[in-house]
Amino acid sequence: GVVNRMEEEVSGEIYLSREGEYDEGTLDEPVLATLQRDLKAIMVKCWHVIVPGRSKTLLHNWDLWGPLLLCLLLGILLHGSGHGSTEEPTIHFVHVFVMVWGGAAVVTINAQLLKGKVSFFQCVCTLGYCLLPLTIAVMISRLLLTIPLPSSVVLIIRLVVVNVSLLWAVWASLGFLSDYLPSDRKALAVYPIFLFYFAISCLILAQTNSLL
C-alpha cells in the first residue's frame with residue numbers, strides 16, 4: 001500500500017541482497033567477514049560510478065561509509081595545499097569536510113523541495129560516491145606537480161583533468177538521480193549539483209603542493 005511504499009522510499013534497502021534474499025543480520029558474523037563484505041559493497045558502488053549505467057545500486061542499497069571514506073581521502077589529499085600560514089592545511093581539510101557534507105545536504109534538501117522521489121540519505125550517498133572522479137583528479141593533479149614541465153603546460157593538463165572529472169561526477173550523479181526528479185524541474189536540480197562539484201574542483205585547482 002501507500003504506507004509500505006513511503007517506508008521503502010525513505011529508508012531504502014540497507015542490506016545487500018543476492019538472488020532476491022536479504023541478509024539475516026551480522027550480529028553473529030565475524031568482524032573480518034563484515035568488513036570484507038562492506039568493502040566489497042563499496043567497491044561495487046565505486047565501479048558503478050566509474051562506469052555509469054542503469055544500475056540504481058547507490059539508491060537501493062545506500063550507505064554512508066563510502067562517501068565518508070572518499071571525503072576523508074579527498075581532505076587528506078588536499079591537506080597542505082596552497083600557500084599561507086602553518087594553520088592553513090588544517091583549514092583546507094575542514095573546508096573539504098564541511099563543503100562535502102554541508103553541500104550534499106543543501107543539494108539534497110533542494111531535491112526534496114522540488115518533490116524528488118528520493119530520500120535524504122539516498123541522495124547524500126549518491127553525491128558522496130560520485131566524488132570518486134574528483135578524488136582521482138586530485139591524485140593526478142598532485143602527481144603532475146612533481147613532473148619537471150613548464151608550469152603553463154602542467155596547468156593546462158590539470159585543467160583538462162579536473163574539468164573531465166567534474167563533468168564525469170555530474171554525469172554519474174544525474175545517471176542515478178535523474179529518474180527520481182520531476183521532469184519539468186530537472187534544471188533546478190542539476191544546477192546545484194553542478195555548483196557542488198564545481199566548488200570542490202576549484203579547491204583541487206588551487207593546490208600547489210605535489211603528492212611526493
Side-chain angles (χ1 to χ4, degrees), residues 1-17 20 22 41-42 44-71 74 95-137 159-205:
V2 177
V3 175
N4 292 333
R5 191 170 118 199
M6 290 178 63
E7 289 179 353
E8 180 180 350
E9 181 179 311
V10 171
S11 62
E13 297 176 4
I14 299 178
Y15 300 108
L16 287 173
S17 58
Y22 287 98
I42 291 174
V44 169
K45 293 171 186 176
C46 287
W47 175 252
H48 285 306
V49 173
I50 294 296
V51 186
R54 295 186 175 274
S55 175
K56 303 300 179 183
T57 301
L58 294 186
L59 294 175
H60 296 304
N61 299 311
W62 62 265
D63 69 85
L64 297 180
W65 287 114
L68 178 60
L69 292 176
L70 287 174
C71 177
L74 194 62
H95 278 170
V96 175
F97 198 85
V98 172
M99 185 177 296
V100 169
W101 294 104
V106 171
V107 172
T108 300
I109 292 173
N110 177 71
Q112 294 284 316
L113 294 176
L114 294 175
K115 308 298 183 182
K117 297 179 181 179
V118 61
S119 74
F120 182 87
F121 290 110
Q122 286 174 329
C123 191
V124 170
C125 170
T126 301
L127 294 173
Y129 270 104
C130 290
L131 285 172
L132 180 60
L134 291 175
T135 304
I136 296 174
L159 281 171
V160 172
V161 170
V162 173
N163 283 326
V164 170
S165 300
L166 169 61
L167 295 177
W168 199 336
V170 174
W171 175 46
S173 61
L174 291 179
F176 294 112
L177 297 174
S178 60
D179 293 341
Y180 298 88
L181 298 172
S183 57
D184 58 337
R185 299 181 180 179
K186 282 187 178 181
L188 296 176
V190 172
Y191 183 64
I193 293 175
F194 175 81
L195 287 182
F196 171 63
Y197 293 120
F198 177 77
I200 298 174
S201 300
C202 290
L203 281 183
I204 298 174
L205 291 174

Looking at every non-hydrogen atom in both residues, tell me the closest pair between [X] and [Y] and how far apart they are.
X      : Y      : answer
Ser165 : Pro133 : OG-O, 3.3 Å
Leu181 : Ala111 : CD2-CB, 4.2 Å
Arg185 : Leu113 : NH1-O, 4.2 Å
Trp101 : Cys71  : NE1-SG, 3.5 Å
Tyr197 : Leu127 : OH-O, 2.9 Å
Cys125 : Pro67  : O-CG, 3.7 Å

Side chain [X], main chain [Y], donor-acceptor under 3.5 Å:
X      : Y      : answer
Gln112 : Val118 : yes
Asn163 : Ser201 : no
Lys45  : Asn61  : yes
Tyr129 : Leu70  : no

Validation row: [X], [Y] side chains within 4.5 angstrom (heavy atoms):
X      : Y      : result
Trp168 : Leu134 : no
Ile109 : Phe120 : yes
Phe176 : His48  : yes
Leu177 : Cys123 : yes

How many angstroms lie between [atom1] in [X] and [atom2] in [Y], if you round to the nearest 0.5 Å?
X      : Y      : atom1 : atom2 : result
Trp65  : Ile42  : CH2   : CD1   : 8.5 Å
Leu114 : Lys186 : CG    : NZ    : 12.5 Å
Leu68  : Asp63  : CG    : CG    : 10.0 Å
Ile200 : Leu195 : CD1   : CG    : 11.5 Å
Leu174 : Ile193 : CG    : CD1   : 5.0 Å

Practice task
Please work out which of the three classes, parallel, tilted or perpendicular, describes the rings of Phe194 and Phe198, given edges at 30° and 60°.
Solution key: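 If you compare the ring of Phe198 with that of Phe194, the planes turn out parallel.
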
